[in-house]
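Residue numbers start from 1 in every chain, and the chains themselves are labelled A, B, ... in the order their sequence lines are given, proteins ahead of strands.
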Amino acid sequence: MTEPLETLTIAELGDKLRNGSLTSAKITEHCLTRVADLDPSLNAFITVTGDRALADAAKADRELADGTDRGPMHGIPYGLKDIYDTAGIRTTCHSKLRQDVIPATDSICAQKLVEAGGVLLGKLSTHEFAFGGPSFDLPFPPARNPWNRNHGPGGSSSGSGAAVAMGMTRTAMGSDTGGSIRGPAAYCGVIGIKPTYGRVSRRGVFPLSYTMDHCGPLSKTVEDAAITLQAVAGYDPVDPGSADAPVPDFRATLKAGVKGMKIGLLRSFYADAEGMAPESIKAIDDAAETLRSLGAIVEDVQDASPFTQYNSCGRVILLAEAYAIHEADLKSRPLDYGRLTMERIMLGAYISSADLVQAQRLRRELSLEVNNFLLKQYDVLLAPSSMSPAPLIDAPQKGFPLAWPMQTMPFNVTGNPAMSIPIGFSESGLPLSMQIVGGYFDEATVFRVGHAYEAATQWHARWPSPSVAEAA
Amino acid sequence: MSSDDRSATMRQAFEAITALNGLTLPPDRVETIFEGFVGLQAMTADLRRERTAESEPAGVFVPDTITRGAAS
């Protein structure tokens, strides 16, 4: 019987690599076998870079044998959402418009993961241009949810969520403009962290919205996410949004616990929201109780602005910026976009200059509210990652989609680090989740709270059955 | 303004902006995009409140990020 290597954390794999009981080549072959066996029914990968992965792994093994250790990601396989440029490997954005694009250079994240000794398994499915989906009118099929393939994995980092949840890789990079890391992490039952705006370079990542885009990992555990973020974080003077802020050791306080911490629950954002599932509310209440049992003080937040303000602000900025990026193609070849992408981004054409500036002014006010008011009272905030468990992948989309109360959007508006973490399962067997939100550049505290909760609950120890994928 | 008048005005505004932007909307998608346009109007109204100079948006023009090191 093959050793279930997918159940080992990045740190555990690293220990075995360094004591000689395992090789990167063996880990990589295991991942590639799982991709070959399980991905045909999940569509998490657009491009599998098998030869590259085996070459990366061989190099990692040689270096370790020669005494060169590049750190915790050395010899560890990972995937990249297919909007991250990779030199010599096509980067499609899951779109007909870019299905043959082969970049000449790596994105900064891809470059940093190479420097960290990582092993690139391949490029992962996304909603088209990180926005429209799930769609069936694109050159590649949409990724599906490993817990039930009739359901969506969330988006837009859909392949990243599905691949990590099914153990095809422990970690993968996604991007998040309104919730595209945290949404798939929530629906797939894995960790997804949107770091502080500016923490990770966006250079070489196809933009959706310049001031709302964030790069970050989806990983199986909090520690895996901390290790991956450590590898890609840091200042890039060529990315105009990049922050020249020191990068701490994200694992230094991982096990410090939550005793005495003050945690605010943003109940007013979701308790009465249309479409909020009662079992999601109950799961968050239970998670708050778990944190109390660990010694934290958890209170309902009072006096936050209405959620709709955050949502309207984020949607308007996102649409205006996305339209500006896609304007030429939307005018000249609109039918080359998938229908959902085209219909959504096109709305940016109807936003006035005054609308955009008012949204930017509101953004400052809301950012001050979160950072100078709410996070002065609390160490972290809690909110849902999604309104419900993952919907059916082909569920009809009702009403005006931009009004959907995406609980992740507020922290794209404010730029605060926010992490989705599994907090249970629905009656139908689908993951439930919440967000932990921290102060600017304080991802370490977000990881600390998440790790304490994860260790106390062990939701991460559950895996979807491979038979769900194989039977499809 | 009656709701019929308002609806007609919204339709005229939508068609005018579409034309001014040089957009050609596929006929089978016009209604979906129009519904989005109507929803956006409600959303953009939500952005407005009384403000002072304190609410100048951040980072609109910052020399360091505009030049990205090229001028130093």
Side-chain angles (χ1 to χ4, degrees), chain A residues 197-198 203 210-211 236-244 305-306 308-317 319-320 323 327 330-332 334-335 337 339-340 342-352 354-365 367-368 397 399-403 415, chain B residues 1 3 5-72:
Chain A
Y197 184 78
R203 183 150 48 115
Y210 299 121
T211 69
D236 173 11
V238 184
D239 172 352
S242 186
D244 191 1
S305 291
T308 52
Q309 297 250 305
Y310 287 89
N311 193 45
S312 298
C313 178
R315 297 285 192 172
V316 166
I317 293 171
L319 282 174
Y323 178 75
E327 182 180 34
L330 283 171
K331 285 182 176 177
S332 63
L335 295 177
Y337 288 84
R339 182 171 187 141
L340 285 176
M342 181 269 195
E343 289 175 351
R344 290 177 188 172
I345 299 181
M346 192 68 89
L347 289 176
Y350 302 91
I351 291 169
S352 73
D355 293 336
L356 178 59
V357 174
Q358 296 295 6
Q360 290 169 333
R361 297 172 86 186
L362 178 58
R363 186 179 201 176
R364 170 172 153 77
E365 294 159 1
S367 300
L368 289 175
Q397 303 193 9
F400 174 48
L402 303 184
Chain B
M1 189 185 284
S3 65
D5 288 347
R6 177 160 174 73
S7 179
T9 302
M10 292 287 268
R11 177 71 68 173
Q12 286 168 0
F14 173 73
E15 290 172 354
I17 296 169
T18 304
L20 280 169
N21 277 319
L23 298 170
T24 308
L25 303 183
D28 65 334
R29 301 185 189 183
V30 168
E31 283 313 304
T32 303
I33 297 170
F34 177 67
E35 284 171 27
F37 169 76
V38 173
L40 259 183
Q41 303 316 302
M43 195 167 261
T44 54
D46 199 30
L47 304 172
R48 288 168 167 82
R49 59 168 76 154
E50 262 192 49
R51 293 194 163 95
T52 68
E54 284 287 300
S55 293
E56 175 176 328
V60 171
F61 187 92
V62 180
D64 279 353
T65 62
I66 292 290
T67 60
R68 294 170 214 173
S72 58

Can you say whether A:L319 sits under 4.5 Å from chain B via the side chain, the backbone, both, or neither, judging by heavy atoms? side chain
Answer with side chain, backbone, both or neither: which region of A:R364 has an atom nearer than 4.5 Å to a non-hydrogen atom of chain B? side chain
Nearest heavy-atom neighbours spanning A:P334 and B:T24: CG-O, 4.2 Å
Within this structure, what is the CZ-CG distance for the pair A:R315 and B:L40, rounded to the nearest 0.5 Å? 10.0 Å
Of the non-hydrogen atoms in B:I33 and A:L347, which two are nearest, and what is the gap between them? O-CD2, 3.5 Å
Is B:D28 paired with A:R339 through a side-chain N to carboxylate O contact shorter than 4.0 Å? yes
Roughly how far apart are B:T18 OG1 and A:M346 CE, rounded to 0.5 Å? 8.5 Å
Which residues pass the ring-ring contact (aromatic ring centres under 6.0 Å, His included) test with A:Y337, not counting sequence neighbours? A:F129, A:H326
Heavy-atom distances under 4.5 Å only: say whether A:Y323 touches chain B with side chain, backbone, both or neither. side chain
Candidate pair A:Q309 and B:D46, rule side-chain contact (heavy atoms from CB on, under 4.5 Å), full reasoning: CA-CA 7 Å; A:Q309 297 250 305; B:D46 199 30; 3.4 Å; yes
List for me each residue that meets salt bridge (charged side-chain N to carboxylate O under 4.0 Å, His left out) alongside A:D244, sequence neighbours excluded, and say none if there are none. none
Smallest heavy-atom separation, A:N311 atom then B:M43 atom, equals ND2-CE, 4.1 Å
Rounded distance [0.5 Å steps], CD in B:Q41 versus CG in A:D355: 7.0 Å
What is the minimum heavy-atom distance between B:L23 and A:A349, and which atoms define it? CD1-CB, 3.6 Å
At a 4.5 Å cut-off on heavy atoms, which part of B:T32 comes close to chain A: side chain, backbone, both, or neither? side chain
Please step through side-chain contact (heavy atoms from CB on, under 4.5 Å) for the pair A:Q358 and B:R49, ending with a clear verdict. CA-CA 9 Å; A:Q358 296 295 6; B:R49 59 168 76 154; over 6 Å; no
Between atom CG of A:L356 and atom OG1 of B:T44, what is the distance when rounded to the nearest 0.5 Å? 11.5 Å
Which bit of B:R48 comes within less than 4.5 Å of chain A, counting heavy atoms only: side chain, backbone, both or neither? side chain
Where is the tightest heavy-atom contact between A:L335 and B:P26, given as atom of each residue plus distance? CD2-CG, 3.5 Å
Tell me, please, which residues at least two apart from A:Y350 pass ring-ring contact (aromatic ring centres under 6.0 Å, His included). B:F14, B:F37
Note: vs chain B, highest number of non-hydrogen pairs under 4.5 angstrom among A:L368, A:V238, A:T211 is A:V238
Give me the contact list for residues 51-58 of chain B versus chain A, heavy atoms only, anything under 4.5 Å, ordered by residue number. B:R51, B:T52, B:E54, B:S55, B:E56, B:P57
